[in-house]
Amino acid sequence: MIEKNYQPADIEERMSRLWEDAGAFKAGRAERREATPFTIVIPPPNVTGSLHMGHALNNTLQDILCRFERMRGRDVLWQPGTDHAGIATQMVVERQLMERQQPGRRDLGRAKFLERVWQWKAESGGIIVNQLKRLGASCDWSRERFTMDEGLSRAVAKVFVELHRQGLIYKDKRLVNWDPKLLTAISDLEVQQIEVKGSLWYLRYPIEGRTFSPDDPKSFIVVATTRPETMLGDTAVAVHPDDDRYRDLVGKHVILPLVGRRIPIVADEYSDPEKGSGAVKVTPAHDFNDFEVGRRHNLPQISVLDKEACLALAGNEDYLRGLPEGSAELAAELNGLDRLAARKKIVARMEDFGFLERIEPNTHMVPHGDRSGVVIEPYLTDQWYVDAKTLAQPAMAAVRSGTTTIVPKNWEKTYFDWMENIQPWCVSRQLWWGHQIPAWYGPDGKVFVAETEEEAVSHALGYYVEQEVITPAQGREMALDRNKRSGFITRDEDVLDTWFSSALWPFSTLGWPDDTPEVKRYYPTNVLVTGFDIIFFWVARMMMMGLHFMKEAPFSTVYIHALVRDEKGAKMSKSKGNVIDPLHLIDEYGADALRFTLAAMAAQGRDIKLATSRVEGYRNFATKLWNACRFAEMNACAAPSDFDPIKTTQTLNRWIAHETARATREVTEAIETYRFNDAAGAIYRFVWNVYCDWYLELAKPVLMGEEGAAKTETRTTVAWARDEILKLLHPFMPFITEELWAVTAKREGLLVLAPWPRRTTELTAEQMALIAAASSPIEPVPALALPLNESADFSDPAAEAEIGWVVDLVTAIRSVRAEMNIAPATLTALVLSGASAETKERAPRWVDVIKRMARLSDISFADQAPEGSVQLLVRGEVASLPLKGVIDLSAERTRLDKELAKADGDIKRVDAKLANEKFVANAPEEVVEEEKEKREAASARKAKILEALERLKSVAS
RNA sequence: GGGCACGUAGCUCAGCGGGAGAGCACUACCUUGACAUGGUAGGGGUCACAGGUUCGAUCCCUGUCGUGCCCACCA
């Protein structure tokens, strides 16, 4: 028995359990061993995360694909898991420690702190997974992975070591994006350029050998800067080689104000005569451009800031080298100041001495750390880099050749643009939570990279024994005892960028580097579903790593979906407070409604502005379905498993079979081509506007009529179509459909594993034999080569025409009744005048239904419309409602006049077209033919309307 | 500075070379035996603007205006 009311919450919980108990989502189910696999790896959410709208969309779409392919008989593996999210997780735990007023990270020390993080993960790391389950995600949860699992960590180590051996990972000292709050390097991608209102300071640098005077422009050169505090690290001033203003100064020196350092004026094309003063200060240790300029001119790199972006001058040999006496005092005074405080002080000091020419307001882009939000400092350090440029080549080629397709295609350009300009990828992070870099250092700084500590240590000790740094005996001792070798051989403290392990996700989750059956069977995956915001972070890097280590691209399709925004189009963010929590929507409207909304709005290439009213609307859709199923139940509708709709005899049933086939085709093709919104639209229209609005209504008289063949067949067909609907809708609304599937009939299995509706067609004996011989009964059989469009086999033009006539007639009568303000309780008669033989034959079959739906008392035939009646045109014939006395004749005249005007308008427009010789000459024949038909129909309509008006006149007079 | 989208009904969005659709909202009527989370009927759009291509443009092209996003080392 179907409950009277649809209650999503209760259903969702029960269905989830049902699926889990049945192991429905498990990959490699015994009966599907022979089936073609279908694999998707989930974009692993952060363990720290909770489900947001982006996740909801992303996973809904993946789930639609997985459930669809599962029903199509494939062996589906939807590989779930979570990401350790280095910085984010470390921050969460640190914050928690602070809130609880417990010892902080540094107090705990590395080992203790990591213990705490693992403990946190065990307690709170499962939240997002449970939320995904609530959404209905049909992942194989038994295979859940975590990027820091033992197996995945081995994959990370192996990849690092191999890339290192191949020279594709190396250590380098260069400028990095340094986050002075988190005290770690970050990659280019983790830097956000934010527009900041600041100032441009114009500074006067005195020229060596000339007496400085603010009033004598010859005595100095002006440089403009947005970061005056970095002047302490200046090692040159650069001007453009073709800039006449400064030509004679090139080769001369300036004396750096306050500091007293003598630095050269160099000619370099980097300097832009249009910008600032045309002369630019060069600080190689604190600016990416200046770093390059410095390299070109062999300039020293003077770092004047420390890790926390405070001035580090005292004892800074690079800084103090060759400076006059007085400048050490300045150094002492400024030492330790934060960069902003230092800026103020230096500007003030410059002003005091007349070195500040002017200050201009200036708005410019300033790099910020996307996690910490603080201004990033270019900082000179040793870091590990991946040679992304080399790895990018095959990754680009795979997309160019079509091995991997990006859908929608326009994202390919973005992918290529980035890949072509790719920079070395800085992969080391000065954090604790993550994969510690498998590199060990000897006393002389020599690096030993190996997958395990044992290996690295034995390597290193062997090397130092050979170099006679230690004796073989010492070597043996150190090999056995970690304490003995500590201080001699130390491991790199840093961990790897989180995205390093994510890049391996499509194969590390399958067991690589071990040679597992899963790797063989499920790699490469079929499709990756993700948002465009991580194309660079993740997609590109998976392509690189997958191709390099597996020799095959990790997925054949990348489907890029939209971003979910709020109703006004703004990005949802906690700080803006415009976040819609998907869990709240699930609580209120059900997961099915949320999923359907997201699918319906997931049109390609457009962001989704989510309005909750849409969710409500689709919840109502679920209710509609619920009640339609109740109706079927109340009427004892049931279908035997071998029911064949092609064998139906009743026009109405043949019609719905035809419509079902069409819906099947539409939904199937739309999902196959990732047009989720079209798929959702097709099933929505079919359920509501075809099945409920017409089929069930038209079936009512039969179902309520006498027992007999017609009634039996209709009952069966109602149930059959319902079942097809449940199947077609299941990928979108899994919970309600599974529940209804279970409740409406005794079934052998769960809907989640039921076969997808066939694109039904009448098969030849030969084809049937092929199917019988196929390995899996639900697998597509290639040898069949069935045409995609199989609706023709199911189409019954006669049924279509007949039901179409009924629909049109009922609609027309309803419309005119509403217009004439006829109360629903008033039953009117219908007279079909001048009816064709066809109509005369049809009408009796539909008397009950038409009477019921159009609220008629009786239907009769006549040669002419009765006097004083309302006359309707239905498919070229006149249907009239004799309403003499009931209706206002002048109102009816007005109505007919309006219709006449419309018909005239149509005729005019078509005539104009047909009169245009060029149109007739150039337009395709069928378009011209169409117009001619339109013309004919319109003029026939006009004639009938004129007749009707004539008759009305005779009544009135 | 470069790139990519987008501007269609009051709102949120589909669509697309042959006179435009959905959901919500709105109006009127309906407690009809699946459903008021419903039914029936209806109102509402020079498809941002201006040119061009075409027999024909909401749809293709160019430009303008507006909005959003991504990328970029320019003091």
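Each chain gets a letter, A, B and so on, in the order the sequences are listed, and its residues count up from 1. Just so you know, these numbers come straight off a predicted model, no measurement behind them.
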Counting side-chain heavy atoms from C-beta on, which of B:A5, B:A75, B:A41 comes nearest to A:Thr811?
B:A41
Name the nucleic acid region contacted by A:Arg814, choosing base, sugar-phosphate or nothing; use a 4.0 angstrom heavy-atom cut-off, strictly under.
sugar-phosphate
Residue-phosphate contact under 4.0 Å: A:Ser613 side-chain N/O, B:A25 OP1/OP2
no
Is A:Glu633 salt-bridged to A:Arg630, cutoff N-O under 4.0 Å?
no
Regarding A:Ser613 and A:Glu616, is there a side-chain donor-to-acceptor distance under 3.5 Å anywhere?
no
Near RNA chain B, which residues from residues 276-289 of chain A have a heavy atom under 4.0 Å away?
A:Gly276, A:Gly278, A:Val280, A:Asn289
Scan A:Asp272 against the nucleic acid and name what it touches under 4.0 Å (heavy atoms): base, sugar-phosphate only, or nothing.
base
What is the nucleic acid contact for A:Ser271, judged by heavy atoms within less than 4.0 Å: base, sugar-phosphate only, or nothing?
base
Interatomic distance where CE belongs to A:Met820 and C1' belongs to B:G42 [whole Å]:
14 Å
Distance test, side-chain N/O of A:Trp411 to OP1/OP2 of B:G3, below 4.0 Å
no
Does B:A34 have OP1 or OP2 sitting under 4.0 Å from an N or O in the side chain of A:Lys4?
no
So, is A:Asn620 close to the B:U37 phosphate, meaning a side-chain N or O under 4.0 Å from OP1 or OP2?
no
Assign A:Glu697 to base, sugar-phosphate, or nothing according to its heavy-atom contacts below 4.0 angstrom with the strands shown.
base
Going by atom types only, do A:Arg227 and A:Thr225 share a side-chain donor-acceptor pair under 3.5 Å?
no
Touch check for A:Arg852, heavy atoms < 4.0 angstrom, all strands: base, sugar-phosphate only, or nothing?
nothing
Per the under-4.0 Å heavy-atom filter, residues of residues 220-240 of chain A near RNA chain B come out as A:Ala224, A:Thr225, A:Thr226
Nucleotide nearest A:Asn677 when distance is taken to its side chain, options B:U12, B:G15, B:C73:
B:G15
Classify the nucleic acid contact of A:Phe621 as base, sugar-phosphate or nothing, counting any heavy atom under 4.0 Å across all strands shown.
nothing
With a 4.0 Å limit, can you tell me whether A:Lys413 has a side-chain N or O closer than that to the phosphate oxygens OP1/OP2 of B:C71?
no
